[in-house]
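Report on the following structure.
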Amino acid sequence: MQKVLYLMLLSLYLFPMAGSGQKVGLVLSGGGAKGLAHIGVIKALEENNIPIDYITGTSMGAIIGGLYAAGYSPEEMEILFKSEEFKNWSTGKIPPKYVYFFKQLDENPSFIDLDFARKEDKMQLALPTNLIPSGQMDFGFMELFGPANAVAENDFNHLFIPFRCVATDIYHGEPVIFRSGDLGSSIRASMTFPFYFKPIEIDSVLLFDGGLVNNYPCDVMYEDFHPDIMIGSAVGFKDRKPKKDDIKLQIENMMVRKNNYYIPDSLGITIKSPVDHISLFDFERLSEIEKAGYESTMAQIKTIKSRISRRVNLEHLNKRREEFRSKSPTMKFNNIQVSGVDGSQRHYIIQSIRHKSKVFDLEELRQEYFKILADDKIQTLLPTADYNKESGLFDLQLKAEQKKPLAVGVGGYFSLSDVNQGYIGFDYRLFNNLPITLQSNVHIGKFYSSFMAGSRFNITSRQPFSVEFYFIKNRSDYFSGATQLFFENNLSHYFIRNDDNIQLNICFPEKTTSKWEVGIDFLNQVDNYYQKSDFTKTDTPDETTFTAGNLHARLESKAFNKKQYPTEGKLFKFETSYIFGSEKEDPGSTSATNIIYHKANNYFQLKLSYERYFKTTKWLTLGVSGDSYLSNKGLFHNYTSQILSSESFSPTVNSTIRYLPYLRSDNFVAGGLKAIIPVSASAHLRFEGYYFQPFKEVMNGPDNIPYYNTSDFTTHAFLGTGGIVVHTRFGPASILLNYYSASDPKFYLQISFGYLLYNRGKH
């Protein structure tokens with residue numbers, strides 16, 4: 001660096017500046033969210049008619065510089081960085097409307113998923129390389145920079161402003177200067193901060209953030225463009241000694257090369273914005289950061305004007321910008337090329353995109369792109385757009401990376417009660433001519449335990465579909481001690497349910513967030529229970545076995561932002577089914593009879609569920625939900641078995657762990673309202689209230705024989721929950737007070753961490 005600066009000084013001594021013909025180079029440092037100050041710097045320079053003839057940048061400086069070089073104004077950059085789209089890029093979040101529900105596997109209570117790959121005939125753990133998924137950002141960079149790249153024909157000298165950016169060859173530890181190629185990929189490489197974002201490979205070179213070797217590329221500016229004068233915007237990392245518990249500052253110190261962020265006065269001017277207090281990902285403080293850059297520039301504007309005599313009229317600049325962008329072709333795509341995977345996998349990806357039409361626009365591509373990313377066998381899919389002048393269309397290049405074959409998920413639910421669950425799940429992915437996912441999991445807990453094994457076959461054709469086969473064993477133990485907070489007496493039980501399920505389903509996508517499922521289930525459900533509350537340890541329970549088949553068709557649409565306690569998105573579910581089965585009752589010591597009872601019970605049922613969230617203001621989201629269940633099921637033999645066989649209304653997490661007879665019915669409607677008040681980016685106050693209305697009340701007659709009340713709508717119930725929920729990287733933590741109108745006691749405190757989610761088939 002010292003040698004370069006010496007050459008620069010010598011050159012200026014031999015070739016003095018040329019007055020009215022001055023060429024001005026703008027150098028933008030890296031710095032994470034601090035780099036948003038560059039927008040304010042550019043804005044101040046434009047307002048004062050200071051020309052910008054060349055730009056070099058690293059990391060965030062590469063993004064801001066690349067946008068400006070591609071023809072984006074400072075005002076357009078402000079809009080971009082305030083948008084929900086940018087928030088999604090920086091967090092990796094895929095908006096619910098683009099989440100391909102058809103490809104999603106069942107939700108599970110996993111905190112963390114660990115990938116394993118075969119190496120030297122052994123399965124070895126593959127450590128994660130990034131915290132933030134890159135799919136959103138990769139597609140966004142193609143969308144932002146693809147049109148300008150087409151105008152420049154991959155030559156950065158022919159952009160609206162000639163441009164350079166710097167990345168790091170991680171193997172050799174050397175800088176890589178991008179002067180041509182795909183603009184989006186070049187900038188993506190320059191800002192790939194280690195551990196946060198996944199590195200990308202360009203021309204077989206693995207690349208990371210340019211700040212590792214050159215966070216302030218004034219030498220690149222001089223060597224490539226030889227400007228008469230440079231303006232540097234420096235927002236580098238403050239040289240602070242990290243503490244042992246400050247992981248972010250430790251990473252910054254390890255990864256960013258120390259730099260004095262200084263341009264000698266004879267060569268130019270350095271603008272240092274006071275943003276040291278801003279952390280790496282404080283993007284929500286855009287206005288404050290940009291203002292700091294603007295004010296820092298205005299504080300030196302007299303000096304800048306005295307050094308730069310040439311002026312560029314802002315109106316003329318905007319006209320040139322419009323002319324450049326008017327040449328940008330509309331992003332429509334035709335040819336698709338896929339690399340990084342073998343022939344059958346390549347065909348699978350291409351067919352997933354092109355099964356509808358030969359030419360598709362950006363929005364169509366966006367939907368199909370996220371559909372592929374939803375596939376459990378695809379890790380990343382780096383898109384680039386190459387403009388074909390002959391066809392007037394873009395050729396889509398997709399660099400795919402396959403997920404490791406084995407994934408192990410670990411998670412559960414932990415609370416200050418006996419309802420604690422452990423979970424471990426295994427997914428084995430076979431990605432060949434017929435993509436298959438083999439699944440197995442185990443839930444272990446006092447309240448709920450389960451084992452599941454299954455497989456899913458994905459068939460990509462003009463009409464994609466999947467075939468699923470599952471075997472599930474569930475056990476639910478609704479013990480009477482569940483009313484206490486810390487330690488519970490669970491010697492007595494409301495009832496214990498064991499069920500075995502065999503399920504065969506065929507699924508079809510219906511738009512992006514919906515799917516059809518048709519299939520048949522075979523169920524053997526065994527309930528053990530007592531028919532009176534004052535039973536003793538010497539009593540034996542009644543046992544009712546229901547063996548049945550279930551022919552069903554289901555339309556389900558689901559697009560939530562969280563597995564549990566969502567704050568945005570919607571759900572719609574409609575199911576019709578025919579159940580044909582046989583009821584058998586073996587009486588216990590609390591039964592009014594000792595005769596074994598058999599009866600066929602065949603019936604139809606309809607289920608309808610709806611849930612949706614509406615963001616009304618910045619500080620309030622409202623949610624609504626509705627549920628209904630209709631059936632012509634006949635009464636089971638005794639009152640308790642009838643209640644147990646009825647559909648349960650369990651809209652809250654807490655209600656799923658309780659035996660609540662007054663929230664069970666063969667025919668009912670129910671509805672709820674929710675209010676969500678954000679406290680921070682990850683925490684919110686949550687209040688929910690529900691009303692449950694059964695059509696007919698089931699009465700307990702002589703000898704526990706059930707019958708319907710002759711009057712309709714004679715009973716109803718309320719339930720609700722309220723408290724605080726904090727979404728962490730590993731799962732939700734919550735403190736909630738739950739209310740049940742017909743319980744004694746009516747209030748239950750729930751302090752928990754994790755997901756309380758069950759295998760399919762739990763009734």
[X] [atom1] to [Y] [atom2] distance, which is reported to the nearest 0.5 Å:
X    : Y    : atom1 : atom2 : answer
R307 : I50  : CZ    : CD1   : 12.0 Å
N157 : S180 : CG    : OG    : 9.0 Å
L26  : L45  : CG    : CG    : 6.5 Å
T297 : E47  : OG1   : CD    : 10.5 Å

Of all heavy-atom pairs between [X] and [Y], which one has the smallest distance, and what is that distance?
X    : Y    : answer
A385 : M331 : CB-CE, 3.8 Å
F360 : N334 : CE2-O, 4.0 Å
L212 : F208 : CD1-CB, 3.7 Å
P51  : V312 : CB-CG2, 3.4 Å
L206 : P199 : CD1-CB, 3.9 Å
L362 : F333 : CD1-CE1, 4.0 Å

Would [X] and [Y] count as having a side-chain donor-acceptor pair, cut-off 3.5 Å?
X    : Y    : value
E556 : S514 : no
D209 : T168 : no
N561 : K93  : no
N49  : N313 : no
Q402 : Q379 : no
K377 : T437 : yes
Q367 : Y100 : no

Assess whether a salt bridge exists between [X] and [Y], defined as any Lys/Arg side-chain N lying under 4.0 Å from an Asp/Glu carboxylate O.
X    : Y    : result
E201 : K399 : yes
E401 : K198 : yes
K291 : E288 : no
D224 : R164 : yes
E568 : K562 : no

Parallel, tilted or perpendicular for [X] and [Y], by the 30°/60° rule?
X    : Y    : answer
F431 : Y348 : perpendicular
F281 : F197 : perpendicular
F139 : F370 : tilted

Can any side-chain N or O of [X] pair as donor or acceptor with the backbone N or O of [Y] at less than 3.5 Å?
X    : Y    : answer
S83  : L80  : yes
Q300 : T270 : yes
T58  : G211 : no
H347 : G343 : no
E284 : A681 : no
D282 : I278 : no
S59  : G61  : no
R346 : V341 : yes
D169 : Y171 : yes
E364 : D361 : yes

Among Y387, F156, F394, the one residue meeting side-chain contact (heavy atoms from CB on, under 4.5 Å) with N149: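 Considering Y387, F156, F394, a side-chain contact (heavy atoms from CB on, under 4.5 Å) with N149 is found only for F156.
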Could you point out which residue of L183, L365, T384, L382 forms a side-chain contact (heavy atoms from CB on, under 4.5 Å) with M142? L365
Any chance you could lay out the side-chain contact (heavy atoms from CB on, under 4.5 Å) test for D138 and L381, step after step, and finish with the verdict? CA-CA 8 Å; D138 292 340; L381 200 64; over 6 Å; no
Show your reasoning for whether side-chain contact (heavy atoms from CB on, under 4.5 Å) applies to R366 and Y98. CA-CA 8 Å; R366 192 193 318 275; Y98 292 118; 3.4 Å; yes
Please step through side-chain contact (heavy atoms from CB on, under 4.5 Å) for the pair D182 and N154, ending with a clear verdict. CA-CA 6 Å; D182 184 75; N154 298 334; 5.6 Å; no
Only counting residues at least two apart or in another chain, list the ones meeting side chain to side chain contact (heavy atoms under 4.5 Å, CB included) with I79.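 Here no residue qualifies.
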Does atom NZ of K570 have more than 12 heavy-atom neighbours from other groups under 6.0 Å away? no
Answer yes or no: does atom CD of E363 have more than 12 heavy-atom neighbours from other residues, nucleotides or ligands under 6.0 Å? yes
Lys NZ or Arg CZ of R456 over F102 ring: under 6.0 Å, within 45°: yes
Face-on cation placement of K558 at F101 ring, 6.0 Å and 45° thresholds: no
List the steps and the verdict of salt bridge (charged side-chain N to carboxylate O under 4.0 Å, His left out) for E76 and R325. CA-CA 13 Å; E76 288 173 318; R325 293 182 63 172; 2.6 Å; yes
Listed once per pair and sorted, the ring-ring contact (aromatic ring centres under 6.0 Å, His included) pairs that draw on residues 53-84, sequence neighbours left out: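 Found Y54-F225, F81-F86.
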CA sep, side-chain torsions, deciding dist, call: L396, Q337, side-chain contact (heavy atoms from CB on, under 4.5 Å): CA-CA 6 Å; L396 180 65; Q337 296 181 359; over 6 Å; no
In sequence, state the C-alpha distance, the side-chain angles, and the governing distance for D53 and R310, and then conclude on salt bridge (charged side-chain N to carboxylate O under 4.0 Å, His left out). CA-CA 11 Å; D53 298 295; R310 179 170 151 246; 2.8 Å; yes
Step by step, would you call E368 with K371 a salt bridge (charged side-chain N to carboxylate O under 4.0 Å, His left out)? CA-CA 5 Å; E368 300 303 321; K371 283 181 182 179; 3.3 Å; yes
Residue that, paired with D375, satisfies salt bridge (charged side-chain N to carboxylate O under 4.0 Å, His left out) out of K403, K103, R429: K103
Using the side-chain hydrogen bond (donor to acceptor under 3.5 Å, both in side chains) rule, pick out the option among K43, R311, K305 that qualifies with N48. K305
